[in-house]
Amino acid sequence: MTECLVVKGGKYLEGSVEITSAKNAILPILAGTVMCNGVTVIEKCTRYVDVDIMLDILEDIGCKVNREKDFIAIDCSTIQSSYIKDNFSKKIRSSIFMLGPLLSRFHYAKVAYPGGCNIGARPIDLHLDGLRSLNVKIEERHGYITCDGSNMRANSIHLDFPSVGATENIMMAAVLLKGTTTIYNVACEPEIEDLQNFLNAAGAKISGAGTKTITIDGVDRLYGTTYTPMSDRIIAGTYIIACAMSQGKIKLDNVIPEHNVALINKLRQAGCRFKISPTSIEMLCNKRLNSIAAIDTQVYPGFPTDLQSQILTLQTISRGTSVVTENLYETRFKVASELNKMGADITLNNKSAIVRGVPRLYGAEVTAGDLRGGAGLVIAGLKADGYTTVLGVEHIDRGYKAIECDLCRLNADITRKQIKM
Ligand code: UD1
């Protein structure tokens, strides 16, 4: 048995919904708990499938994890192993985050190569180069990365590219080192600042997250703390685009609007209206939008690659032609052929998708090949004539906690069904 989402098209979104905590903030924070002495409590720890896998990884190495709905208490004092097995690692890319914290605490880590969404090559060279700069000896053999950190020391590191994960991993590896580690050309994504806030609440001395340089002054120990991760800017962005798609009027609560400035500016130009408060976004879209001539994914604060599939979907029914360019992941246009099955007119040309807007989409059976592409297909179904069946829901569940429930709260008509394959 597997599951699908059946979306009845034609409903416009209205009402309000609260945005849950950010998957991409929670995952490195959970890895970071390995370094804390005492119990760490993560409040509003939304249980996306990827989050539960990360909790399974912590349990497998010996942490005591108490899962009471979205309230998670973790005691890592009982860890028996710094070895992340292949069957866990291949389930999520974020298993690579375990390297830094395990090295920090045990000066040794062995992690199988990570899995994750199939959206491109996704190498980990920047993570490993950063750790080597901290004097970690690394061996890559038989699908495992073995790290010997017995002579680790603080250093200055320059990243060749501002990778989010590499920034976070190196930050965590350096937290307990004597002296000061400075990382230049880091990623500026808000989730990195959230990780810094969590680690500092646990006793670390890190500054600069959100800018291009992060400084870590080593401390002797981290302690258990209570922390609430930031809200998910990609889920907020997905629902904003869903509202634009359905020509609706919605309010999103528990958001940090400045995290979605790149998206909001594009949609304002296309014809949407927004009312912003410090923690909410209200929006109205009461007409067919104009196409956005050019959308280029960039590192933060540029247009996020994690909203590329969704904005591509919106362009399929906008008035005019749009060129969407993906600069981070080479195979992140798999959703295009599925959208074309629904009547869209998308042509791929290397890193770009040329989208000629059509007046309407038609319901069809389509398959999600990755997390955000899957969200794009659900959004497409909102505006399609008839019913759209989205298969591959397991991809969507990795980063949305029951997307159909949020969207139904906003007046959509979406049903989750079991199907025999
Ligand atoms: C994080 C997000 C992911 C998002 C991405 C880009 C998490 C858990 N995931 O992924 O949702 O799509 O940021 O915003 O936070 N690269 C290398 N070598 C490396 C690491 C990365 O070449 O060692 C390349 C990647 O192939 C990619 C680019 O750098 O082209 C950005 O990747 P990175 O910022 O590392 O993304 P992730 O941390 O994997």
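Atoms within a ligand are numbered from 1 in the order they appear, just like the ligands themselves.
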Visitor: Considering the heavy atoms of Arg93, write down every atom of ligand 1 situated less than 4.0 Å from one of them.
Guide: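 Heavy-atom distances to Arg93 below 4.0 Å select 20 (C), 39 (O).
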Visitor: May I ask you to list the atoms of ligand 1 that are less than 4.0 angstrom from any heavy atom of Asp125?
Guide: 17 (C), 18 (N), 19 (C), 22 (O), 23 (O)
Visitor: Quick one: which ligand 1 atoms are inside 4.0 Å of a heavy atom on Ser94?
Guide: 8 (C)
Visitor: Would you find a donor on one side and an acceptor on the other, under 3.5 Å apart, between the side chain of Thr215 and the backbone of Thr182?
Guide: no
Visitor: Identify, by atom number and element, the atoms of ligand 1 in contact range of Gly165, meaning under 4.0 Å from any of its heavy atoms.
Guide: 35 (O), 38 (O)
Visitor: Indicate yes or no: does Asp232 engage Lys401 in a salt bridge with an N to O separation below 4.0 Å.
Guide: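 No salt bridge links Asp232 with Lys401.
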Visitor: Measure from atom 20 (C) of ligand 1 to every heavy atom in Pro114, Ala166, Pro123, Gly302 and give the option owning the shortest one.
Guide: Pro123
Visitor: Got a salt bridge between Asp125 and Arg132, using NZ or NE/NH1/NH2 to carboxylate O under 4.0 Å?
Guide: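 Between Arg132 and Asp125 there is no salt bridge, as every charged N stays at least 4.0 Å from the carboxylate O atoms.
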Visitor: Pick whichever of Val164, Asp306, Leu371 has a heavy atom sitting closest to atom 34 (O) of ligand 1.
Guide: Val164
Visitor: Quick check on contacts: which atoms of ligand 1 are under 4.0 angstrom from a heavy atom of His127?
Guide: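 Those of ligand 1 that fall under 4.0 Å from His127 are 23 (O).
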Visitor: Identify whether the distance between the nearest side-chain nitrogen and carboxylate oxygen of Lys251 and Asp253 falls below 4.0 Å.
Guide: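 Looking at Asp253 together with Lys251, the answer is yes, because their closest N to O distance falls below 4.0 Å.
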Visitor: Going by the atom numbers of ligand 1, which of them fall below 4.0 Å from some non-hydrogen atom of Thr305?
Guide: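 In order of number, 6 (C), 12 (O), 14 (O).
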Visitor: Can you tell me which residue among Arg233, Gln310, Arg372 is in a side chain to side chain donor-acceptor pair (under 3.5 Å) with Thr238?
Guide: Gln310
Visitor: I want to know if ligand 1 touches Leu126 in the polar sense, i.e. an N/O pair below 3.5 angstrom.
Guide: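 In this structure, Leu126 places an N or O atom under 3.5 Å from an N or O of ligand 1.
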Visitor: Please indicate whether any nitrogen or oxygen in Lys23 is less than 3.5 Å from any nitrogen or oxygen in ligand 1.
Guide: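 N/O-N/O distance under 3.5 Å: no.
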Visitor: Going by atom types only, do Thr20 and Tyr48 share a side-chain donor-acceptor pair under 3.5 Å?
Guide: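 Indeed, the side chains of Thr20 and Tyr48 share at least one donor-acceptor pair under 3.5 Å.
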Visitor: Answer yes when Lys341 and Glu365 have at least one side-chain N-carboxylate O distance shorter than 4.0 Å, and no when they do not.
Guide: no
Visitor: Is the shortest heavy-atom distance from the side chain of Tyr239 to the side chain of Leu13 under 4.5 Å?
Guide: no
Visitor: Among Phe97, Tyr329, Phe161, which one puts a heavy atom closest to atom 37 (P) of ligand 1?
Guide: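 Considering heavy atoms of Phe97, Tyr329, Phe161, the nearest to atom 37 (P) of ligand 1 sits in Tyr329.
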